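Take a look at the structure below.
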Amino acid sequence: ETGVTQTPRHLVMGMTNKKSLKCEQHLGHNAMYWYKQSAKKPLELMFVYSLEERVENNSVPSRFSPECPNSSHLFLHLHTLQPEDSALYLCASSLSGTSGYEQYFGPGTRLTVT
Amino acid sequence: AQSVAQPEDQVNVAEGNPLTVKCTYSVSGNPYLFWYVQYPNRGLQFLLKYITGDNLVKGSYGFEAEFNKSQTSFHLKKPSALVSDSALYFCAVRVLSGYSTLTFGKGTMLLVSP
């Protein structure tokens, strides 16, 4: 495994529900990311956190709300989602400021909005 | 703006034959290039990267990639394909900013037949 865990692995929620996705990295990294992966579409970067500060928000609807309480944990809070939000949500982490720059991904949460 | 293109949606190859998955890039300055693989219902796994140095980069699972500056390409190769190599492959380039943001290609599905 890559050292990045995500829970839950599968989530089915109604459009009026509120739920949260959790990501945890055990790699000592200082940057964390949320991506959305939909069928037939390129990987979409949603949010970037570096040193627990949000540094990028790629025009994501406000029904998605990220939280990064420390460098090891990242959450994605979901509320009043739409069916088109059904996708695989991937968390990743990396060590910024080094020559590596590669990101390590968790297994993803498969979200279905009914 | 940094970008990568994967011209093939799918590549088919017979087991034991060499395989190539193509990637071309567009960057300003020196490129930082990456290959990732995604197996069904899994997150992306880092395979290899090019930062500087030797144009032939070796990575995990017997994969290698050749950086060609004149052709702005970074093709993924393997001398002898395995059925277990069947997966979705992503090329990525680092966006030039203070953070390790990557831009991914749309992915190429590799199918290795027995």
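Chain letters run A, B, ... following the sequence lines, proteins first, then strands; residues in each count from 1. Quick caveat, the model's predicted, so the values are computed rather than measured.
The cluster map of Ile, Leu, Val, Met, Phe, Trp and Tyr, joined by side-chain heavy atoms under 4.5 Å apart, puts A:Leu76 and A:Tyr35 in different clusters. B:Leu47 and B:Val13 fall within the same hydrophobic cluster, where Ile, Leu, Val, Met, Phe, Trp and Tyr residues are linked whenever their side-chain heavy atoms come under 4.5 Å apart, directly or through other members. Linking Ile, Leu, Val, Met, Phe, Trp and Tyr residues whenever their side-chain heavy atoms come within less than 4.5 Å leaves A:Leu45 and A:Tyr89 in two separate clusters. Put simply, A:Leu111 and A:Val60 are part of the same group of oily side chains (I, L, V, M, F, W, Y) that touch within less than 4.5 Å, one to the next. Linking ILVMFWY residues whenever their side-chain heavy atoms come closer than 4.5 Å, directly or via other members, places B:Val11 and B:Phe63 in the same cluster.
Contact between A:Leu90 and B:Gln38 at its shortest, heavy atoms only, is CD1-NE2, 4.4 Å. For the pair B:Phe46 and A:Gln103, the tightest heavy-atom approach, listed with the atom from each and the gap, is CB-O, 4.4 Å. Taking each heavy atom of A:Phe105 and B:Leu44 in turn, the nearest pair found is CB-O, 3.2 Å. Between A:Arg9 and B:Asn41 the shortest heavy-atom distance is NH2-O, 3.2 Å.
In terms of modelled atom types and a separation under 3.5 Å, the side chain of B:Arg42 and the main chain of A:Gly106 share no donor-acceptor contact. Under a 3.5 Å cut-off, the side chain of B:Tyr36 and the backbone N or O of A:Tyr104 do not form any donor-acceptor pair.
For NZ of B:Lys106, the number of neighbouring non-hydrogen atoms (other residues, nucleotides, ligands) closer than 6.0 Å is greater than 12.
A:Gln37 touches chain B through its side chain: at least one heavy atom from C-beta onward sits under 4.5 Å away, while N, CA, C and O do not.
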